[in-house]
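For reference, the structure is listed below as structure tokens.
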Amino acid sequence: MEDLIALLVAPLLVFMVIVAPIWLILHYRSKKQISQGLTEEEYQQLNGLLQRADKMADRIETLERILDAESPEWRSKHES
């Protein structure tokens with residue numbers, strides 16, 4: 001019985017002294033980074049992507065208007 005307890009105590013001590021503190025530090029560091037939100041660079045990239053998406057949407061609308069004027073039946077041909 002004492003041998004079993006000794007076998008359990010050693011790994012438990014190693015876990016509590018070494019693994020658990022490192023695990024907690026890394027866990028709360030990642031929580032802090034997540035709660036901080038986007039960095040300035042990420043925010044600028046997001047805004048750039050939003051502007052590009054808006055331009056693409058405008059281009060698609062323009063192309064659809066051109067196609068509607070030149071070939072009014074194009075939608076029915078390509079949707080089925």
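All figures in this text were calculated on a predicted structure; none of them were measured in a lab.
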- Task: Report the distance from atom CG of Leu7 to atom CG of Leu12, rounding to the nearest 0.5 Å.
- Result: 12.5 Å

- So how far is it from Trp74 CH2 to Leu63 CG, rounded to the nearest 0.5 Å? 9.0 Å

- Query: Hey, quick one: are Trp23 and Val17 part of the same hydrophobic cluster, counting side-chain heavy atoms closer than 4.5 Å, chains of contacts allowed?
  - Reply: no

- Neighbour count above 12 (heavy atom, 6.0 Å) for Glu42 CD: yes

- Task: Mind checking the CD-CZ spacing from Glu61 to Arg65? Nearest 0.5 Å is all I need.
- Result: 6.5 Å

- Could you grab the distance from atom CZ of Arg52 to atom CZ of Arg59, nearest 0.5 Å is fine? 9.5 Å

- Message: Could you check whether any side-chain heavy atom of Asp68 comes within less than 4.5 Å of a side-chain heavy atom of Arg75, counting everything from C-beta outward?
- Response: yes

- Message: Can you tell me how far apart CG (Leu67) and CD (Glu73) are? Round to the nearest 0.5 Å.
- Response: 12.5 Å

- Query: Side chain of Gln51, backbone of Gly48: donor and acceptor closer than 3.5 Å?
  - Reply: no

- Mark yes or no for whether Thr62, through its side chain, and Asp58, through its backbone, hold a donor-acceptor pair below 3.5 Å. yes

- Message: With side-chain contact (heavy atoms from CB on, under 4.5 Å) as the test, pick out the partner of Tyr28 among Leu26, Leu24, Ile25.
- Response: Leu24

